[in-house]
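See below for the structure under consideration.
Letters go in sequence order (proteins before strands), and every chain restarts at 1.
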2 protein chains.
Amino acid sequence: MVKITDVARRAGVSPSTVSYALSGKRPISDETRRRVEAAARDLGYRPHAARALAGGEPNVLALAAPLRAGVHVPVVMRLVVSVVTTARAHDHDVLLLTQEEAEAGLSRAVDTASVGGLLLTDVELHDPRLPRLRSLDRPSVLIGVPARAYGLTCVDLDFRAAGEACVNHLAELGHRTVALVGSPPEVYLRRTAYAHHLMHGFTTAATRHGLASSVHPGGPDPATAPRLAERLLHEHPALTAVVVHNEPLLAPLSAAFEHLGLRIPADLSVMAVCPDDLATTPRVPVTSVSLPADELGAHAVDLLIRKLHGTPVPETTLLAPRLTERASTSRRTA
Amino acid sequence: MVKITDVARRAGVSPSTVSYALSGKRPISDETRRRVEAAARDLGYRPHAARALAGGEPNVLALAAPLRAGVHVPVVMRLVVSVVTTARAHDHDVLLLTQEEAEAGLSRAVDTASVGGLLLTDVELHDPRLPRLRSLDRPSVLIGVPARAYGLTCVDLDFRAAGEACVNHLAELGHRTVALVGSPPEVYLRRTAYAHHLMHGFTTAATRHGLASSVHPGGPDPATAPRLAERLLHEHPALTAVVVHNEPLLAPLSAAFEHLGLRIPADLSVMAVCPDDLATTPRVPVTSVSLPADELGAHAVDLLIRKLHGTPVPETTLLAPRLTERASTSRRTA
DNA sequence: GCACGAAGTCGAAGCGCTTCGACGATCGAA
DNA sequence: TTCGATCGTCGAAGCGCTTCGACTTCGTGC
C-alpha cells in the first residue's frame with residue numbers, strides 16, 4: 001500500500017505538503033503541486049481511511065433500507081441504485097443496512113465505519129428509528145415524511161398531492177364513484193408514510209369533490225388480482241374508476257377487469273401511482289402519477305451532501321406529482 | 001463520542017487494559033473485566049473506526065453488484081439482503097458498489113474504507129474485474145463461476161447441472177423436442193456465467209439424450225410473452241416441453257401457452273429455473289430447479305469470512321440443483 | 001534600503017485504537 | 001526460602017493522515 005510519505009519522498013517534499021497540494025487547503029506553488037500530482041499518479045496513491053481519523057471528511061453514507069414485507073422490490077432497488085450512483089458522483093461510498101437491528105444499526109454505522117451521514121427509507125409515520133436518529137449528531141435525510149418531521153430533513157414524492165391529483169383528474173372526467181387499490185395491509189399496519197399520505201390525499205380529495213370512495217389494500221400477489229377485481233365490482237356496482245397504488249398488482253388487475261368484460265377506459269378508468277415504465281406494461285397504457293425513484297434517491301443524496309458541507313437545506317422537500325395521461329382514463333360515459 | 005479512554009477512566013484502568021478486556025487478547029482478571037464491561041455498557045461505548053488503522057480487523061465487506069440490464073432485480077435484491085444479513089451475523093457491514101467504475105471501484109473500496117473483503121456478483125465468463133481482483137491482495141468470493149476460476153473462490157448454483165437436470169427430467173418423461181427460454185440477449189452477449197452454464201448444461205444433456213433442442217433468449221418484458229409463445233410453437237411444431245430460465249417471463253409465458261389452447265402439462269410440459277416462490281405464481285405450479293438466492297449470499301459471506309480468518313476454503317463451491325416436481329410436467333402423451 | 005505581509009513549505013502533534021515490551025505480584029517447585 | 005514462571009496490568013509507540021504554528025523567502029511600498 002502506497003502511503004502519503006511515499007508520495008512525499010518521490011516528490012521531494014514533506015508529507016504535509018503532499019496533503020496540502022492534494023487537498024488545496026493551502027496555497028502551493030504550481031511547480032510543487034505538479035510534482036506531487038505526478039508522484040501520486042505514478043505510485044497509484046489513494047488515500048487511506050486514516051483520513052477520517054485525523055479529522056478528514058468521512059466519505060461513506062449509510063443507507064438504511066429495511067426491506068419490509070409488502071414493499072415493491074424493484075422500486076426500492078432503483079432507489080438504492082440511484083443513491084449509490086449519486087453518492088459516487090460526490091465521491092462517497094454507501095454502506096447498506098437492512099432490517100436487522102434497524103435502530104442499533106444506525107448508531108453502529110455512525111462510529112464503527114467512517115460514516116458521515118445517514119439515509120433512511122421506508123419511513124413510517126411514527127418511525128421507531130427517529131429518536132435514535134435525532135440523538136445521533138450526524139446529518140441525515142429521510143426518504144419519506146413521518147408525522148413529526150420537525151428538525152429532520154425529508155424528501156419524498158408529495159404522495160398526498162399525488163392522491164389528490166388522481167381524484168381531481170377523475171372528478172374532472174365526471175366520475176362519481178372511485179376506489180383506491182393500495183399497498184398490502186402490512187404496509188398500512190406499519191403506518192408507512194408514503195402509503196398513508198397517498199390514501200389521505202385520495203380520501204380528502206374525494207370528500208371535497210363529493211365522490212363516493214373506498215380504499216382496498218391489495219395483496220402483493222398478482223394471482224389475487226382476479227378475485228379483487230370481482231370484489232370491487234360487486235361491492236361497488238357504481239364504480240367507474242380505480243386508482244392503483246400497488247405496482248405488482250397493476251398489470252394483473254387491469255387484465256382481470258378486462259377479463260370480466262369491462263373495457264378500459266370505456267367502462268372503467270384506471271389510474272396508477274408507479275414508476276413510468278410500469279404504467280405502460282398493461283395492455284392499455286395507464287394514466288399515472290410518476291413515482292420518480294431515481295430522482296428521489298439522487299435528491300436525497302444531494303441534500304445529505306449539502307448537509308455534510310454545512311449548507312442549510314430545506315426541512316421537507318416534496319416533489320410535485322407529475323400526472324401523465326395515457327389511454328386508460330376517459331370521461332365517464334355510463 | 002465515547003472513547004476508550006473514557007471507559008478506562010471510569011473503570012479505573014488504563015486504555016490498553018480496556019482494549020484487552022474487550023478483545024480477550026490477553027488474560028484479564030474477572031474482576032477487572034467485569035468493571036470494564038460495565039463501564040463500556042454504561043457509557044454506551046462503541047469502538048471507532050480507528051480500530052482498523054491500528055491493525056484491528058477491518059469489518060466491512062464490499063459487495064460489487066452491478067445491476068446490469070436483463071438481470072431479474074428481485075433475485076439480486078434477495079442476494080443482497082442475504083449478504084447483508086449474513087455479514088451482520090458475522091459482525092460486518094456491507095459497502096455496496098454498483099455498475100459505475102466496476103473495476104476502479106474495487107481498488108478504491110479496498111483502501112479507502114476499511115474493507116476487508118470483496119464479494120462480486122453478476123460474474124461473466126471473462127469478467128473484466130478479475131485481473132484487478134487478483135492484483136488486489138484482499139480475500140474475495142465470486143458469486144458465479146467464470147471461465148478461469150483458478151486461484152479464485154467461487155460459489156454458485158451448479159447451473160450446468162441444473163440445465164442437465166431439467167433435460168433429464170423431461171427425457172425421462174418421454175419428451176423428444178425441448179426448448180430453453182433463457183435470459184435476455186444482453187445477458188448472453190456479456191457472457192454472463194450463470195446463463196452460459198445453464199445453457200451449456202441444457203444443450204449437452206439434450207444432445208446426450210438425443211433430443212431435438214433449441215435455445216431462445218427471452219425479452220425481459222412480460223408483454224412479449226404471447227408473441228414468444230406463438231413463435232416457439234410455430235418454429236417447433238413437435239415441441240412438447242419448455243424450460244424457462246427467465247423469472248419475469250415465467251408466469252406470462254405459461255399464461256400465453258394456455259391462451260393458445262395448450263393445456264399444461266397435458267399438451268406442453270413447462271419447467272423453470274427460478275426461486276421457489278416464483279414457481280408457484282403461474283396458474284399451474286411449475287416443476288422447477290430452485291434458485292436459492294438466500295443460500296448463495298449466505299454461503300458466499302461465510303466463505304469470505306473464513307478467508308478473512310485465514311482458513312483455507314474450497315476453490316469452487318457448486319450447490320447441487322434441487323428439482324421439485326409440481327403440476328406443470330407430465331409424461332409426453334402426444 | 002528597510003520593514004512588512006503574503007506565499008510556500010516544513011515539522012510536530014494528535015486523531016482513537018491496538019500491541020509490544022515491561023514490570024510488579026503471586027504462586028508452586030526446588 | 002528462593003527462583004522462575006505466570007498472571008494481570010500499564011506505558012509508550014505507532015498506524016496514515018490532517019492541521020496548526022512556525023519559518024523562510026520574496027515582492028512591495030515608503
Check your understanding: Ser82(A) and Thr85(A): side chain to side chain donor-acceptor pair (under 3.5 Å), yes or no, with the steps?
Key -> CA-CA 5 Å; Ser82(A) 85; Thr85(A) 308; over 6 Å; no
Check your understanding: Between the side chain of Thr192(A) and the main-chain N/O of Val187(A), is any donor-acceptor distance below 3.5 Å?
Key ->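 Judged by distance alone, yes, a pair lies under 3.5 Å.
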Point to revise | Rounded distance (Å) that lies between atom C1' of dG8(D) and atom CZ of Arg33(B) | key: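 To the nearest whole Å, that distance equals 12 Å.
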Check your understanding: Does a side chain donor of either Arg132(B) or Ser107(B) reach within less than 3.5 Å of an acceptor in the other side chain?
Key ->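 Distance-only check passes for Arg132(B) and Ser107(B).
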Check your understanding: Does a donor on one side chain and an acceptor on the other come within less than 3.5 Å for Ser16(B) and Ser19(B)?
Key ->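 Per modelled atom types, Ser16(B) and Ser19(B) side chains form no pair under 3.5 Å.
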Practice item. State which residue, out of Arg10(A), Arg9(A), Lys3(A), fulfils the salt bridge (charged side-chain N to carboxylate O under 4.0 Å, His left out) condition with Asp6(A). Key: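 Running salt bridge (charged side-chain N to carboxylate O under 4.0 Å, His left out) over Arg10(A), Arg9(A), Lys3(A) with Asp6(A) returns exactly one hit, Arg9(A).
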Practice item. Return the 5'-most residue of the pair Val13(B), Ala54(B) with respect to DNA chain D, ranking by each residue's nearest nucleotide. Key: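 Looking at the nearest nucleotide for each, Val13(B) comes out on the 5' side.
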Point to revise | Residue closer to the 5' end of DNA chain D, Asp30(B) versus Thr5(A) (nearest nucleotide) | key: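 Between the two, 5'-proximity favours Asp30(B).
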Exercise for review: Kindly say if Ser16(B) contacts the phosphate of dC10(D), meaning a side-chain N or O under 4.0 Å from OP1 or OP2.
Suggested key: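 For dC10(D), neither OP1 nor OP2 has a side-chain N or O of Ser16(B) closer than 4.0 Å.
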Exercise for review: Could you tell me from which nucleotide to which nucleotide of DNA chain C, 5' to 3', there is an atom under 4.0 Å from chain A heavy atoms?
Suggested key: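 That gives a stretch of dG8(C) to dG16(C).
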Point to revise | the helix from dG1(C)-dC30(D) to dA30(C)-dT1(D): angle between end helix axes, five pairs per end, rounded to 10 degrees | key: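 The two end axes of the helix from dG1(C)-dC30(D) to dA30(C)-dT1(D) meet at 50°.
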Point to revise | Which residues share a side-chain hydrogen bond (donor to acceptor under 3.5 Å, both in side chains) with Lys307(A), sequence neighbours left out | key: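 side-chain hydrogen bond (donor to acceptor under 3.5 Å, both in side chains) check on Lys307(A) returns Thr153(A).
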Review point. If you round to the nearest 0.5 Å, how far is CD of Glu57(A) from CG of Asp91(A)?
Key: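 Answer for the CG-CD pair, Asp91(A) versus Glu57(A), is 12.0 Å.
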Review point. At under 4.0 Å between heavy atoms, what does Ser23(A) touch on the DNA or RNA strands: base, sugar-phosphate, or nothing?
Key: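 The residue Ser23(A) makes no contact with any strand.
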Exercise for review: Classify the nucleic acid contact of Ser19(A) as base, sugar-phosphate or nothing, counting any heavy atom under 4.0 Å across all strands shown.
Suggested key: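 Base, at least one base atom sits under 4.0 Å.
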Practice item. Would you sort out whether Tyr45(A) and Leu22(A) count as a side-chain contact (heavy atoms from CB on, under 4.5 Å), showing the intermediate values? Key: CA-CA 11 Å; Tyr45(A) 169 74; Leu22(A) 261 27; 3.8 Å; yes
